2 protein chains.
Amino acid sequence: MRATKGRQAVLAALDEASDHPTAEDLLMRARKTDPALSLSSVYRILKEFHDRGMVRRHVFTQGRAVWELAQRALHAHLIDVHTGEIVELPEADLVRMYEAAAETLGYRLRDVRLELYGERIDRG
Amino acid sequence: MRATKGRQAVLAALDEASDHPTAEDLLMRARKTDPALSLSSVYRILKEFHDRGMVRRHVFTQGRAVWELAQRALHAHLIDVHTGEIVELPEADLVRMYEAAAETLGYRLRDVRLELYGERIDRG
DNA sequence: CTAAGTGCAAAGAGTTTGCAACAAT
DNA sequence: ATTGTTGCAAACTCTTTGCACTTAG
């Protein structure tokens with residue numbers, strides 16, 4: 001895999017992200033490093049990273065995908081059904097249990113996505 | 001809500017489904033009851049059912065949405081990363097714990113989606 | 001009757017792809 | 001030099017919408 005400007009820029013944007021960026025978010029952030037970068041390259045780069053297991057891809061109910069570095073610990077996503085805001089909920093303790101459950105069915109676990117959909121209690 | 005042929009047909013298709021049908025799957029099945037039904041009506045009907053809390057909508061990594069009756073018990077989805085096949089994994093015991101976790105963060109839980117991505121052990 | 005619901009075709013959103021130009025090795 | 005990578009524009013897939021027609025209540 002060649003060390004191109006685009007790949008370095010997207011990788012840096014992923015590494016710096018503390019939220020859950022879409023491809024377009026990553027494009028805007030990566031352009032600080034590589035101003036000529038295009039959206040189609042971002043998609044191609046993300047697909048390649050994903051194929052190599054470097055990133056996780058999530059599709060929440062809003063329809064567009066969000067991306068995060070696979071090296072981050074597995075965690076649950078709590079999603080506000082009104083605003084789409086995503087809150088993280090660490091759940092490291094549960095992962096072993098999920099692995100066991102999957103194995104019971106004859107599967108090797110590759111990713112866990114626990115998503116809780118809710119609404120803030122203080123605004124009905 | 002008027003009891004139209006389309007709505008009855010989609011509801012019956014959802015009720016009979018033991019898998020995770022897409023809008024197009026539901027169209028094909030519902031046409032047994034209402035042969036003139038169109039895909040746009042299926043989407044409108046599903047949107048209305050969803051707004052009324054009658055169905056749950058999931059978007060897995062494949063990009064298209066799948067639908068199920070909300071009256072079904074919450075369960076986890078174990079998804080084969082190679083084939084896209086969806087296996088169900090009941091988890092009723094865990095729901096209370098998730099509700100508590102969400103409430104700790106000030107949210108009222110509306111839906112739980114636990115998705116395990118794996119691959120069959122017997123084929124690498 | 002008449003508002004709600006529908007089919008059709010066109011529009012939207014997000015993502016992917018063909019191709020000629022370009023750049024990392 | 002050579003092969004992988006890119007930007008652009010067009011294509012694609014899934015979903016939504018505008019509009020005139022239809023139908024349930």
Side-chain angles (χ1 to χ4, degrees), chain A residues 1-14 17 19-52 54-68 79 81 83-84 86 113, chain B residues 1-14 17 19-52 54-68 79 81 83-84 86 113:
Chain A
M1 185 161 59
R2 288 186 184 172
T4 67
K5 265 193 168 178
R7 287 188 186 134
Q8 289 165 342
V10 172
L11 197 55
L14 283 165
D19 56 348
H20 293 76
T22 63
E24 205 165 349
D25 293 334
L26 290 169
L27 172 65
M28 292 186 300
R29 298 174 198 183
R31 276 186 169 161
K32 287 167 198 156
T33 310
D34 177 7
L37 189 63
S38 72
L39 186 57
S40 43
S41 286
V42 172
Y43 277 114
R44 274 187 289 232
I45 289 165
L46 288 170
K47 184 182 191 309
E48 176 139 25
F49 286 178
H50 190 251
D51 288 348
R52 291 171 184 253
M54 293 166 59
V55 298
R56 287 194 289 263
R57 177 193 145 115
H58 299 279
V59 184
F60 300 122
T61 44
Q62 299 77 30
R64 56 183 114 76
V66 299
W67 305 80
E68 65 185 355
I79 294 138
V81 292
T83 66
I86 302 168
R113 296 171 44 185
Chain B
M1 187 161 60
R2 290 185 182 171
T4 67
K5 265 194 171 179
R7 286 186 186 137
Q8 290 166 339
V10 171
L11 197 56
L14 282 165
D19 55 350
H20 292 77
T22 63
E24 205 166 348
D25 292 333
L26 289 169
L27 172 65
M28 291 185 301
R29 297 174 199 183
R31 276 186 168 160
K32 286 167 199 157
T33 310
D34 177 6
L37 189 62
S38 72
L39 186 56
S40 43
S41 287
V42 172
Y43 276 113
R44 276 187 289 234
I45 289 166
L46 289 171
K47 183 182 191 310
E48 175 138 25
F49 286 178
H50 190 250
D51 289 347
R52 293 172 182 251
M54 294 166 58
V55 297
R56 286 194 290 266
R57 177 193 144 114
H58 299 278
V59 185
F60 299 122
T61 43
Q62 300 77 32
R64 54 182 113 78
V66 299
W67 305 81
E68 64 184 357
I79 295 138
V81 293
T83 65
I86 301 167
R113 296 170 46 185

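Chain identifiers are assigned alphabetically (A, B, ...) following the order of the sequence lines, protein sequences preceding nucleic acid strands; residue numbering begins at 1 within each chain. Scope of the values below: all heavy atoms of this structure, side chains included, with no hydrogens, waters or symmetry mates. Keep in mind that what you see is a predicted model, and the values were worked out from it rather than measured.
Evaluation of the side chain to side chain contact (heavy atoms under 4.5 Å, CB included) rule for A:Ala65 yields A:Arg57, A:Val59, A:Trp67 as partners, not counting sequence neighbours. Not counting sequence neighbours, B:Thr4 has no partner by the side-chain hydrogen bond (donor to acceptor under 3.5 Å, both in side chains) test. Qualifying salt bridge (charged side-chain N to carboxylate O under 4.0 Å, His left out) partners for A:Lys47, counting only residues two or more places apart in sequence or in other chains: A:Asp51. With sequence neighbours excluded, no residue forms a salt bridge (charged side-chain N to carboxylate O under 4.0 Å, His left out) with B:Arg2. B:Thr33 is linked by a side chain to side chain contact (heavy atoms under 4.5 Å, CB included) to B:Ala9, counting only residues two or more places apart in sequence or in another chain. Residues forming a salt bridge (charged side-chain N to carboxylate O under 4.0 Å, His left out) with B:Arg29 (at least two apart in sequence, or on another chain): B:Asp19. Remark: B:Asp34 pairs with no residue by the side-chain hydrogen bond (donor to acceptor under 3.5 Å, both in side chains) rule, at least two apart or across chains. Remark: B:Phe49 engages B:Met1, B:Arg7, B:Val10, B:Leu11, B:Leu14, B:Ile45, B:Met54, B:Val55 in a side chain to side chain contact (heavy atoms under 4.5 Å, CB included) (not counting sequence neighbours).
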Listed pairs, N/O of protein and of nucleotides 20-22 of chain C, under 3.5 Å:
none

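Taking five base pairs at each end of the helix from C:dC1-D:dG25 to C:dT25-D:dA1 and finding the rotation axis that steps the C1' atoms of four pairs onto the next four gives two axes whose angle is 30°, to the nearest 10°.
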**OP:** Show your reasoning for whether side chain to side chain contact (heavy atoms under 4.5 Å, CB included) applies to B:Arg31 and B:Leu27.
**Re:** CA-CA 6 Å; B:Arg31 276 186 168 160; B:Leu27 172 65; 3.7 Å; yes

**OP:** Could you check B:Glu48 against B:Arg44 for side chain to side chain contact (heavy atoms under 4.5 Å, CB included), going step by step and ending with a plain yes or no?
**Re:** CA-CA 6 Å; B:Glu48 175 138 25; B:Arg44 276 187 289 234; over 6 Å; no

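A straight line from NZ of A:Lys47 to C1' of C:dT15 spans 12 Å, rounded to a whole angstrom. If you measure from atom CG of A:Asp51 to atom C1' of D:dG4, you get 16 Å, rounded to the nearest angstrom. Between A:His50 atom NE2 and C:dT16 atom C1' there is a gap of 16 Å when expressed in whole angstrom units.
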Original post:
Base, backbone or nothing for each nucleotide of nucleotides 3-14 of chain C, written B, S, -, heavy atoms under 4.0 angstrom, 5' to 3'?
Top reply: BBSSBB-----S

